[in-house]
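What follows is a short report on a single structure.
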Amino acid sequence: MAYADEVFLNNCQLIMHAGYLEKDPNQRARWPDGSVAYTQHYFGLTNRYDLEHEFPALTLRPTPMKNCIDELLWIWQKRSVSVADLRSRIWDAWQDESGTIGKAYGYQLAQTASYPEGEFNQVDRIRYLLRHQPLSRRMVATMYIPSDLHEMQLYPCAWSLTLQVTNGRLNAVLNQRSQDMLVANNWNVFQYAILLHLFAREADLEVGELLHVIADAHIYDRHFELVEELISRPAYPAPMLWINPDKKDFYDFCVDDFRLEDYRHGPAMKQIPVAI
């Protein structure tokens, strides 16, 4: 069993058996038909993934790798908010009349600030520090900006990343205020594991630990049976991550520069309802 499967299964069982079923009809999230999306939720999950040991790809079902990485690059590399720039349709329900997600995610990472060394956006400041001051404790990117929240189509879920180097290994803390476990858990873990690999590659570092902190981890009511099905499935060993060895610069990478080798997994789950 892949370690990502073990973590996912433990999280789901904790939420289902020790979590709280929120039945308040004033909850924000709704199903596409307009009915309330009730949740079974658990406050405060923390998961560690040692990326040097294993790449965290779920095997109970496939993670759609290309769409997953495409969204990661859309946010962190392109710093785009245009839904048309994505190869998938995952942001369609949240786009505004101009086809963007407002001042969310990539917009915030593109914002610049002045430092003694010059002007940097949030991503390039991290890249600079990794190259020139790798022991810095100030390698932080944040996307939860109170003054801009009213101009975001959706408040950021994964909202901050803190990087730290120990003994030549690059570690990260990903903070997430809210997570739909079935739809988004392995998607986010997969993405930020890739991001950590990219930052480490460019800075000539080894990958270390990804620490994933989730404030509100929840399973929606219409997902209960689907989660139970996943729990009953067989799991497989973790795949190996291949990254194009001819590339190093963060901005040179594209979706086709990654693949999972020996990736055995269960069948995909079709038409999972998404609360919006």
Side-chain angles (χ1 to χ4, degrees), residues 1-11 45-73 75-77 123 126-127 129-131 134-137 139-141 157-176 179 181 184-214 217 235-250 252-265:
M1 175 185 291
Y3 181 69
D5 295 315
E6 180 182 340
V7 171
F8 178 79
L9 292 173
N10 288 341
N11 286 344
L45 287 182
T46 300
N47 300 311
R48 286 181 179 269
Y49 303 87
D50 187 346
L51 304 187
E52 186 178 36
H53 174 68
E54 187 174 298
F55 187 78
L58 205 65
T59 74
L60 297 168
R61 61 171 175 148
T63 298
M65 181 175 185
K66 289 187 180 297
N67 286 343
C68 189
I69 295 175
D70 181 63
E71 190 205 25
L72 173 73
L73 298 179
I75 294 171
W76 282 84
Q77 186 193 72
V123 179
I126 286 175
R127 295 172 61 240
L129 291 173
L130 283 172
R131 291 193 303 271
L135 298 184
S136 173
R137 296 189 292 269
M139 292 184 282
V140 180
C157 296
W159 65 273
S160 79
L161 184 72
T162 303
L163 297 176
Q164 185 254 13
V165 176
T166 298
N167 194 28
R169 284 170 33 113
L170 180 61
N171 308 296
V173 179
L174 172 64
N175 278 297
Q176 190 147 3
Q179 183 160 86
M181 290 298 295
N185 181 256
N186 193 241
W187 180 281
N188 290 139
V189 171
F190 192 110
Q191 287 180 320
Y192 280 85
I194 292 287
L195 184 63
L196 201 57
H197 271 277
L198 294 185
F199 282 149
R201 165 80 63 95
E202 187 175 58
D204 293 320
L205 297 166
E206 299 298 322
V207 289
E209 286 190 305
L210 172 62
L211 178 62
H212 189 198
V213 181
I214 310 168
Y236 303 95
M240 296 289 292
L241 174 68
W242 178 89
I243 303 176
N244 187 343
D246 297 326
K247 292 186 179 180
K248 182 176 180 179
D249 188 283
F250 179 76
D252 286 345
F253 287 95
C254 65
V255 170
D256 294 330
D257 289 317
F258 308 86
R259 66 172 178 259
L260 292 177
E261 298 179 338
D262 300 320
Y263 188 24
R264 296 178 62 202
H265 53 74

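From a predicted model like this one, the values you see are computed outputs, not experimental measurements. Only heavy atoms go into these numbers, but all of them, side chains included; no hydrogens, no water, no symmetry mates.
Counting non-hydrogen atoms of other residues, nucleotides and ligands closer than 6.0 Å to CG of Asp249 gives a total above 12. Residue-environment remark: CD (Glu6) exceeds the threshold of 12 foreign heavy atoms within 6.0 Å. Met240 CE: 12 or fewer foreign heavy atoms inside a 6.0 Å radius.
Rounded to the nearest 0.5 Å, atoms CD (Gln77) and CD1 (Ile69) are 11.5 Å apart. Between the CZ atom of Arg259 and the CG atom of Asn244 there is a distance of 9.0 Å, given to the nearest 0.5 Å. With values rounded to the nearest 0.5 angstrom, Asn186 atom CG is found 9.0 Å from Leu60 atom CG. The structure places CZ of Phe8 at 5.5 Å from CE of Met181, a figure rounded to the nearest 0.5 Å. One distance of note links CD of Gln176 with SG of Cys157; it measures 6.0 Å at 0.5 Å rounding. From Leu73, atom CG reaches atom CG of Leu195 across 9.0 Å, with rounding to the nearest 0.5 Å.
Using a 3.5 Å distance cut-off with no hydrogens or angles, the side chains of Trp187 and Glu71 do pair a donor with an acceptor. Counted by atom type alone, Gln164 and Thr162 present zero donor-acceptor pairs between their side chains at under 3.5 Å.
Phe250 places a side-chain heavy atom less than 4.5 Å from the side chain of Val123. Phe258 is listed as a side-chain neighbour of Met65, based on a closest heavy-atom distance under 4.5 Å. Between Leu58 and Asp5 the shortest side-chain heavy-atom distance falls below 4.5 Å. In this structure the side chain of His197 reaches within 4.5 angstrom of the side chain of Ile243, judged on heavy atoms. Residues Leu174 and Leu211 are not in side-chain contact: their nearest non-hydrogen atoms beyond the backbone lie 4.5 Å or more apart. In this structure the side chain of Asn175 reaches within 4.5 angstrom of the side chain of Val173, judged on heavy atoms. Contact annotation: the side chain of Val165 approaches that of Leu130 to within less than 4.5 Å [non-hydrogen atoms, C-beta and beyond]. Arg137 has its side chain out of reach of Met139: every pair of non-hydrogen atoms, C-beta onward, lies at least 4.5 Å apart.
A donor-acceptor pair is defined here as one N or O able to donate and one able to accept, closer than 3.5 Å; no such pair exists between the side chain of Thr59 and the backbone of His265.
In plain terms, the two heavy atoms of Ile214 and Asn47 that are nearest each other are CD1-ND2, 4.5 Å. Minimum interatomic distance between Ala172 and Leu196 (heavy atoms only, all atoms of both residues): CB-CD1, 3.6 Å. When all heavy atoms of Ala57 and Ala2 are compared, the closest pair comes out as O-CB, 4.0 Å. Of all non-hydrogen atoms in Val207 and Ala200, the two that sit nearest each other are CG1-CB, 3.8 Å. Of all the heavy atoms in Gln179 and Asn188, the pair that sits closest is NE2-OD1, 2.8 Å.
Using a cutoff of 4.0 Å between basic side-chain nitrogens and carboxylate oxygens, Arg169 and Asp50 are scored as salt-bridged. Salt bridge absent: Glu202 and Lys248 never bring a charged side-chain N and a carboxylate O closer than 4.0 Å. Between Asp204 and Arg131 no salt bridge is recorded (no basic side-chain N to carboxylate O distance below 4.0 Å).
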So Trp76 and Gln191, side-chain contact (heavy atoms from CB on, under 4.5 Å) or not? Walk me through it.
CA-CA 10 Å; Trp76 282 84; Gln191 287 180 320; over 6 Å; no
Using side-chain contact (heavy atoms from CB on, under 4.5 Å), reason through Leu260 and Leu241 one step at a time and then give a plain yes or no.
CA-CA 5 Å; Leu260 292 177; Leu241 174 68; 4.0 Å; yes
Start with the C-alpha distance between Leu170 and Leu163, add both sets of side-chain angles, then the distance that settles side-chain contact (heavy atoms from CB on, under 4.5 Å), and finish with yes or no.
CA-CA 7 Å; Leu170 180 61; Leu163 297 176; 4.1 Å; yes
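Ring geometry, Phe190 versus Phe55: the interplanar angle exceeds 60°, so the pair is classed perpendicular (tilted spans 30 to 60°). The aromatic rings of Tyr3 and Tyr49 stand perpendicular to each other, their planes meeting at an angle above 60°, with 30° marking the opposite boundary.
Of the residues Asp257, Asp256, Asp252, the one that meets the salt bridge (charged side-chain N to carboxylate O under 4.0 Å, His left out) test with Lys247 is Asp257. Considering Asn185, Val213, Asn11 in turn, Asn11 is the only one that fulfils the side-chain contact (heavy atoms from CB on, under 4.5 Å) rule with Leu45.
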